[in-house]
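Following: one structure in structure tokens, then a few remarks.
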Amino acid sequence: MKFIYITLLFFITLSSFSQEILTGLQENPVVKEKVRELSRLKSAQNTDTIPVLLPFHDDFSQGNVFPSSLRWIDRFAYVNNDFPVFPINLGVVTLDAINDSGNFYPEAIPGPSTFIADHLTSRFIRLDSVFAPVPRPLTPADSVYLSFYYQPQGRGLALSGGDSLSLKFLIREAFDTIEGPDTIHKEDQWKFIWSSKGMPLDTFYLAQNTWFRRVMIPITDPTFFKKNFRLQFYNHVSLASNGQPSWQSNADPWNLDEIYLNTGRSRGDTIFPEIRFLEKAPSMLRQYTSMPYRQYSDDPGGEMADTLTIVMNNRDIIPHSCIYRFTVTQPGGAFNQSYQAPEFPMPSYTLTSFGYNERAPVKFAFPISSADSTLFVIKHTIHESTPGSTLGDTIIGFQRFYNYYAYDDGTPENGYGLKGADGRLAYQFKLNVSPDTLRAVRIYFNRTLSSSNHQYFDLTVWNDNNGKPGDIIYSQTEMVTYSDSLNDFHTYYLASPVRISGTFYVGTIQTTDDNLNIGFDAANNAQQHMFFDVSGTWQTSVLGGSLLMHPVIGKPLPVGITEPPAPQEGRISVYPNPCSAGSIRILTVSLPEFSHNSAGWKIIVSSITGVKLFERPYTEIIDVSGLSSGMYLLTLLKPETSERHSSKLIITR
């Protein structure tokens with residue numbers, strides 16, 4: 001079923017007849033957030049030329065937005081778990097048309113012409129010698145191979161035939177030479193090694209019979225057996241366009257995984273004993289990724305998922321006997337539940353083509369409570385049952401109960417829009433406790449080319465009419481507002497609270513033909529709750545995914561809990577977050593006054609419900625060892641001017 005759903009999604013998004021259109025992202029909010037975090041810590045490129053030793057290996061499972069500087073010298077590509085479909089393991093690196101600041105490349109122009117966009121460049125690699133068990137020189141007779149897995153498109157938009165992913169090896173590094181009276185700079189000299197033309201993922205799968213294709217490249221040219229060997233992946237890009245700036249977008253993502261260079265290999269070298277999860281931890285709710293705690297508590301049995309589907313992978317060529325387990329805890333609370341599956345043989349990845357599905361029954365419900373919000377931590381583990389084996393993996397998920405409904409995971413892979421002025425979009429939600437009060441709507445809008453979607457729209461609320469939007473019960477005119485930071489939705493507060501009952505709908509009515517470009521999560525499918533009308537009749541969406549649009553209900557704001565805003569211009573950043581150690585670092589790089597004087601500012605840490613826990617003068621590093629596990633609000637306050645900047649802080653012990 002999952003294969004059918006994904007294949008249909010790709011065919012539908014290419015349809016020229018649909019009035020629903022998905023566009024690629026024109027900026028990457030995750031990258032932009034990371035750039036702000038690192039702007040005081042290191043430069044945009046690692047220029048360290050100290051070579052690394054064989055084996056050279058990266059599966060991008062430990063990456064944090066940018067490729068590790070232990071192996072790579074640039075950060076144009078994007079390490080993530082959101083864009084791959086059935087990856088080799090959890091985490092890939094994606095090359096597209098968005099640069100290392102999270103924006104389109106300046107040279108990006110609408111297709112069909114292409115331009116070179118992202119690079120993924122290794123550090124120097126010692127290909128002249130090996131040093132264990134004893135030092136000795138390397139030669140082509142040592143059977144040196146580079147292998148990697150690649151996938152076009154993933155959960156992004158389809159690539160065209162003019163797009164490509166390529167690989168080259170360094171022949172000679174750049175140097176300056178004196179020629180007569182002048183100093184001449186000689187650029188790096190590279191040799192082209194491999195390339196793949198762009199194509200939609202469904203075409204790729206039908207041709208390869210696999211979601212990721214493995215490439216094995218023998219290195220036999222003596223030119224490369226030196227101490228400063230270097231490899232580089234890069235992509236040629238053409239921008240999707242239908243002639244309107246608001247629809248032009250990035251449509252050229254390539255996913256790379258398991259880049260591995262070593263000696264003593266062969267073309268048949270496919271054995272890599274590894275047992276790993278392939279996808280992020282799923283929601284434990286039947287429909288939502290987040291919902292108000294009061295609404296959940298009225299029908300916990302109806303809201304809980306009865307089964308979790310966990311996708312994992314055995315990369316060996318033989319089955320391994322495994323044990324899967326999940327545990328659920330409440331930070332700072334007494335709630336604790338767990339499940340362990342009976343021991344089972346996990347088949348080889350080569351026999352399943354996309355991974356093994358473990359279906360874990362959920363035989364409990366989260367506790368009911370009168371609290372406004374809470375958070376649960378879900379830990380999934382898989383390991384080989386053989387005593388002493390180190391094969392296994394762990395992933396962590398969070399089940400959130402805040403004051404809003406959400407079907408999505410908070411990260412957009414695409415943008416959603418309707419063609420035609422007066423197009424109407426309605427998103428369906430259902431109350432367990434009626435009536436209730438709608439206070440606001442949180443929406444994530446992606447930027448479009450030249451911010452051409454910075455348009456007015458009518459934020460609208462409908463009641464229900466036999467499973468489709470009925471009468472308009474509220475509407476107010478708003479303008480598209482962007483948020484540059486990760487998971488930082490713009491909150492549109494309603495001018496007056498709206499009484500809602502049973503099933504209700506929130507959405508937009510367009511005032512122009514421009515693409516509003518609402519964030520679209522391709523990983524969580526809520527299309528049965530998405531409705532659109534461009535011709536006088538409501539239709540159910542044909543696109544598998546979910547909108548980054550959250551109705552906020554319950555108590556008057558700000559008493560009701562909304563997630564604290566993520567750092568953006570004029571705000572602060574906290575690192576590490578979540579924090580499990582004794583101290584955190586507060587990065588105030590986006591507050592210009594801190595470059596001159598931080599005097600007069602205070603740090604306040606409060607509970608998520610607003611109870612102040614401690615207050616002290618500003619310091620860049622603070623001790624949080626006295627805080628128990630849970631979610632907190634960290635506020636930077638200047639009493640003289642009442643200026644304040646806040647960030648969510650999660651403590652895990």
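Along the sequence shown, residues are numbered consecutively beginning with 1. These figures come from a predicted structure and were not determined experimentally.
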Between [atom1] on residue [X] and [atom2] on residue [Y], distance to nearest 0.5 Å:
| X | Y | atom1 | atom2 | answer |
| --- | --- | --- | --- | --- |
| Phe277 | Ile382 | CZ | CD1 | 6.0 Å |
| Leu201 | Thr203 | CG | OG1 | 8.5 Å |
| Ile125 | Leu170 | CD1 | CG | 10.5 Å |
| Arg123 | Phe56 | CZ | CZ | 9.5 Å |
| Ile396 | Ile378 | CD1 | CD1 | 9.0 Å |
| Gln151 | Phe204 | CD | CZ | 7.0 Å |

Would a distance-only check, ignoring hydrogens and angles, find a side-chain to backbone donor-acceptor pair under 3.5 Å from [X] to [Y]?
| X | Y | value |
| --- | --- | --- |
| Ser129 | Leu138 | no |
| Asn81 | Gly91 | yes |
| Gln189 | Glu173 | no |
| Thr481 | His490 | no |
| Ser147 | Val215 | no |
| Thr289 | Asp408 | yes |
| Asn255 | Thr94 | no |
| Ser348 | Asp316 | yes |
| Asn314 | Met346 | yes |
| Asp409 | Thr411 | yes |

If I compare all heavy atoms of [X] with all of [Y], which pair ends up nearest, and what's the gap?
| X | Y | value |
| --- | --- | --- |
| Ile395 | Ala281 | CD1-N, 3.8 Å |
| Asn524 | Ser546 | O-OG, 2.9 Å |
| Gly154 | Val85 | C-CG2, 3.8 Å |
| Pro273 | Leu391 | O-CD2, 3.5 Å |
| Pro55 | Tyr260 | CB-CE1, 3.9 Å |
| Phe115 | Ala97 | CZ-CB, 4.3 Å |

Side-chain contact, heavy-atom cut-off 4.5 Å: [X] with [Y]?
| X | Y | result |
| --- | --- | --- |
| Tyr145 | Ile217 | no |
| Phe520 | Met530 | yes |
| Ile310 | His380 | yes |
| Ile259 | His57 | no |
| Leu90 | Ser61 | no |
| Val130 | Arg136 | yes |
| Asp521 | Leu548 | yes |
| Tyr150 | Trp194 | yes |

- prompt: So Asp59 and Ile88, side-chain contact (heavy atoms from CB on, under 4.5 Å) or not? Walk me through it.
  reply: CA-CA 9 Å; Asp59 63 5; Ile88 305 304; over 6 Å; no
Between [X] and [Y], is any side-chain donor less than 3.5 angstrom from a side-chain acceptor?
| X | Y | result |
| --- | --- | --- |
| Arg230 | Ser122 | no |
| His383 | Tyr324 | no |
| Asp74 | Thr121 | yes |
| Tyr416 | Asn414 | no |

task: Determine, stepwise, if the pair Leu127 / Lys227 fulfils side-chain contact (heavy atoms from CB on, under 4.5 Å).
output: CA-CA 5 Å; Leu127 213 59; Lys227 64 181 179 181; over 6 Å; no
Test: Arg155 cationic atom under 6.0 Å from Phe83 six-membered ring centre, within 45° of axis: no
query: Has Lys168 got its NZ or CZ under 6.0 Å from the middle of the six-membered ring of Tyr234, at an angle within 45 degrees of the ring axis?
result: yes
query: Would you call the rings of Phe86 and Trp211 parallel, tilted or perpendicular if under 30° counts as parallel and over 60° as perpendicular?
result: tilted
query: What's the verdict on side-chain contact (heavy atoms from CB on, under 4.5 Å) for Tyr78 and Phe60, showing C-alpha distance, side-chain angles and the deciding distance?
result: CA-CA 10 Å; Tyr78 167 44; Phe60 306 101; over 6 Å; no
query: Please, which pairs that meet salt bridge (charged side-chain N to carboxylate O under 4.0 Å, His left out) have at least one residue in residues 258-269, sequence neighbours excluded?
result: Glu258-Arg315, Arg265-Asp269
All salt bridge (Lys or Arg N to Asp or Glu O under 4.0 Å) counterparts of Lys191, not counting sequence neighbours: Asp221
message: Run the salt bridge (Lys or Arg N to Asp or Glu O under 4.0 Å) test against Lys226 and tell me which residues pass, sequence neighbours left out.
response: none
Centroid-centroid distance, [X] to [Y], less than 6.0 Å:
| X | Y | answer |
| --- | --- | --- |
| Phe233 | Trp72 | no |
| Phe169 | Phe229 | yes |
| Tyr205 | Phe212 | no |

Criterion side-chain contact (heavy atoms from CB on, under 4.5 Å) on Gln527 and Leu543, from CA distance to verdict: CA-CA 6 Å; Gln527 70 181 95; Leu543 300 177; 5.8 Å; no
message: Tell me which one of Phe148, Trp190, Phe192 satisfies side-chain contact (heavy atoms from CB on, under 4.5 Å) with Leu167.
response: Phe148
message: For Lys379, is the NZ atom crowded, meaning more than 12 foreign heavy atoms sit under 6.0 Å from it?
response: no
